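Below is one structure, written out as structure tokens, with a few remarks after it.
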Number of protein chains: 2
Amino acid sequence: MVGERLREVILRGELQPGEKLHQNRLAEQLGVSRTPLRTALAALADSGLVVYESNCGYRVREFSPEQIRGAFIVRAELEALACTLAAPNMTDAFAQQLFDFVAEGDRLLAGGQLLEDNHAPYREMNVSFHKLIQTIAGNPWIADFVARLHNVPLTSDRIILWEHWKIIHRSHDDHRRIAEALSHGNGMRAGAIMREHVLFAMDYLLSQLNSQSEGALRIVPARANTQNRKTSKRKP
Amino acid sequence: MVGERLREVILRGELQPGEKLHQNRLAEQLGVSRTPLRTALAALADSGLVVYESNCGYRVREFSPEQIRGAFIVRAELEALACTLAAPNMTDAFAQQLFDFVAEGDRLLAGGQLLEDNHAPYREMNVSFHKLIQTIAGNPWIADFVARLHNVPLTSDRIILWEHWKIIHRSHDDHRRIAEALSHGNGMRAGAIMREHVLFAMDYLLSQLNSQSEGALRIVPARANTQNRKTSKRKP
DNA sequence: AGGAATAAAATTGGATCCAAAATGATATTT
DNA sequence: AAATATCATTTTGGATCCAATTTTATTCCT
């Protein structure tokens with residue numbers, strides 16, 4: 001829980017890669033003692049977001065462009081696999097949900113552009129679409145690993161490149177074709193589209209990384225999480 | 001480090017799945033205080049070997065046969081991907097190392113059977129062979145995720161089914177063909193063999209799980225790790 | 001006697017404390 | 001003046017302590 005907050009802080013880039021994580025300072029900033037902070041750090045270290053060195057504490061992990069590239073490649077393969085596994089599990093209800101997400105995307109892109117106010121909703125629709133396919137696939141490892149890959153700064157689904165209409169339009173069209181293929185039970189075809197869908201995002205992100213400065217990449221946070229609340233049991 | 005020991009204990013099956021992890025007792029058994037134990041538990045929880053519930057502590061995670069099956073399927077795909085990525089990176093030195101492992105397997109299997117004393121060496125050769133391919137592939141995510149999948153009890157490379165000569169012989173023959181294909185730069189073909197190599201292991205393990213009792217599965221521990229020592233800097 | 005309510009024990013989670021190690025600063029020597 | 005050595009400060013890692021919650025045991029009531 002303090003771990004979640006730390007993860008957000010790191011992924012939003014508020015802590016520089018390589019930066020040392022000062023336990024006293026961080027604990028105070030987060031308003032907790034060092035003990036829960038350290039358990040959170042241990043978990044983050046295992047998940048690979050921070051690195052630990054004995055007697056030297058934790059620091060924010062640095063990712064090379066090559067590692068970021070590698071993350072996309074594995075994600076492309078895993079999400080393609082999710083499509084092939086999802087196909088035999090398709091039901092009318094699942095197909096309907098997929099097309100609902102596509103329809104929501106259509107609505108958000110209706111004006112021939114993506115308005116500023118629609119960035120966050122589009123992002124959430126995008127995340128939901130991908131997650132739903134992983135759910136239908138029914139293999140929890142895929143969802144788990146894809147989530148881990150999203151924990152790499154810049155690889156995260158927090159980041160979408162909004163600038164060029166043609167690219168976002170094409171990306172949304174991929175979604176439609178994937179939904180079509182899956183609803184016809186054609187998992188291999190859906191997987192092929194998905195693989196290209198992810199690999200192209202990789203190429204595009206890396207080209208942007210090379211040209212412009214990293215700071216220019218837009219990070220769109222989720223809206224105040226009134227949704228997505230997990231089970232919280234409280235005494236009266 | 002205390003985490004490593006705990007991981008071993010759990011993977012060896014000395015703690016039953018679902019069993020509650022008593023912090024006081026465990027800390028005493030491991031000869032440490034509760035604080036380092038709890039950081040270790042937090043890390044293991046993130047890596048998915050134990051589950052945590054607020055105010056109820058940690059318990060050993062249970063895996064359904066379906067989850068075990070899922071782990072093999074993802075591992076098959078990841079290791080196949082490792083083959084396709086490794087092919088363009090092949091050098092004569094890498095090819096030599098692969099064939100050295102194959103030759104070692106030939107030696108261990110020379111008598112037309114796998115002697116009891118050769119179980120551990122064969123296991124280590126097997127692990128090294130697979131890891132080398134992942135190293136050549138040069139994508140650290142693959143090695144990381146495959147290692148996580150090995151952290152599932154029964155999916156682990158700690159377990160090899162030694163009983164039937166024909167199966168282990170065939171499995172070793174897969175290794176030879178994979179090495180051949182990779183040394184010729186044929187990553188797709190190597191990947192296809194690797195996928196079947198892993199998926200057949202899955203089928204065989206699950207069939208054994210259904211027929212005989214789980215306790216009959218042989219878990220062969222690594223030999224006292226004089227090798228595999230990580231960097232350890234000590235003051236004189 | 002069975003079940004609900006209450007009390008006692010145990011266990012967890014967080015805070016504080018302390019020793020060991022690392023970092024940084026100052027002094028000393030060449 | 002530069003390099004080394006020594007000392008002080010900071011920071012980490014582990015142990016202990018304490019409050020809050022859960023679990024277990026007991027008592028009480030129907």
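By convention in this document, chain letters (A, B, ...) are assigned in the order of the sequence lines, proteins followed by strands, and residues within each chain are numbered from 1. Being a predicted model, the structure only gives us computed values, none of them experimental. The figures here come from the full heavy-atom set of this structure, side chains too, leaving out hydrogens, waters and symmetry mates.
- Atom CD in B/Glu53 sits roughly 15 Å away from atom P in D/dT21 (whole-Å rounding).
- To the nearest angstrom, P of D/dT23 lies 16 Å from CG of B/Asn24.
- Screening A/Val146, A/Leu149, A/Ile142, A/Ile178 for a side chain to side chain contact (heavy atoms under 4.5 Å, CB included) with A/Glu79, the sole residue that qualifies is A/Val146.
- Residue side chain B/Arg38 reaches the base of C/dG14 through a donor-acceptor N/O pair under 3.5 Å, judged by distance alone.
- Straight-line distance from the CG atom of B/Leu21 to the C1' atom of C/dT12: 13 Å, rounded to whole Å.
- Looking only at atom types and distance, the side chain of A/Gln96 has no donor-acceptor partner in the side chain of A/Asp92 under 3.5 Å away.
- Residue A/Lys20 places no side-chain N or O under 4.0 Å from the OP1 or OP2 atom of D/dT11.
- Remark: side-chain polar atoms of A/Glu124 are not paired, donor with acceptor, to backbone N or O of A/Pro121 under 3.5 angstrom.
- Judged as a side chain to side chain donor-acceptor pair (under 3.5 Å), the pairs with a partner in residues 1-11 of chain B (not counting sequence neighbours) are, in order, B/Glu8-B/Arg158.
- The separation between B/Tyr58 atom OH and D/dT22 atom C1' is 16 Å, rounded to whole Å.
- As a whole-Å value, the separation of B/Asn55 CG from D/dT21 C1' is 5 Å.
- With ring centers used as reference points, A/His130 lies 6.0 Å or more from A/His150.
- Within the structure, every side-chain polar atom (N or O) of A/Gln23 is placed at least 4.0 Å from both OP1 and OP2 of D/dT10.
- Of the residues in residues 25-37 of chain B, those lying under 4.0 Å from DNA chain D by heavy-atom distance are B/Val32, B/Ser33, B/Thr35, B/Pro36.
- Considering only side-chain atoms of B/His22, the nucleotide from D/dT21, C/dT11, C/dA22 that sits closest is C/dT11.
- Applying the side chain to side chain donor-acceptor pair (under 3.5 Å) definition to pairs two or more places apart or across chains, those involving residues 22-33 of chain A are A/His22-A/Arg25, A/Gln23-A/Arg34.
- Neither OP1 nor OP2 of D/dT12 sits under 4.0 Å from any side-chain N or O of A/Tyr52.
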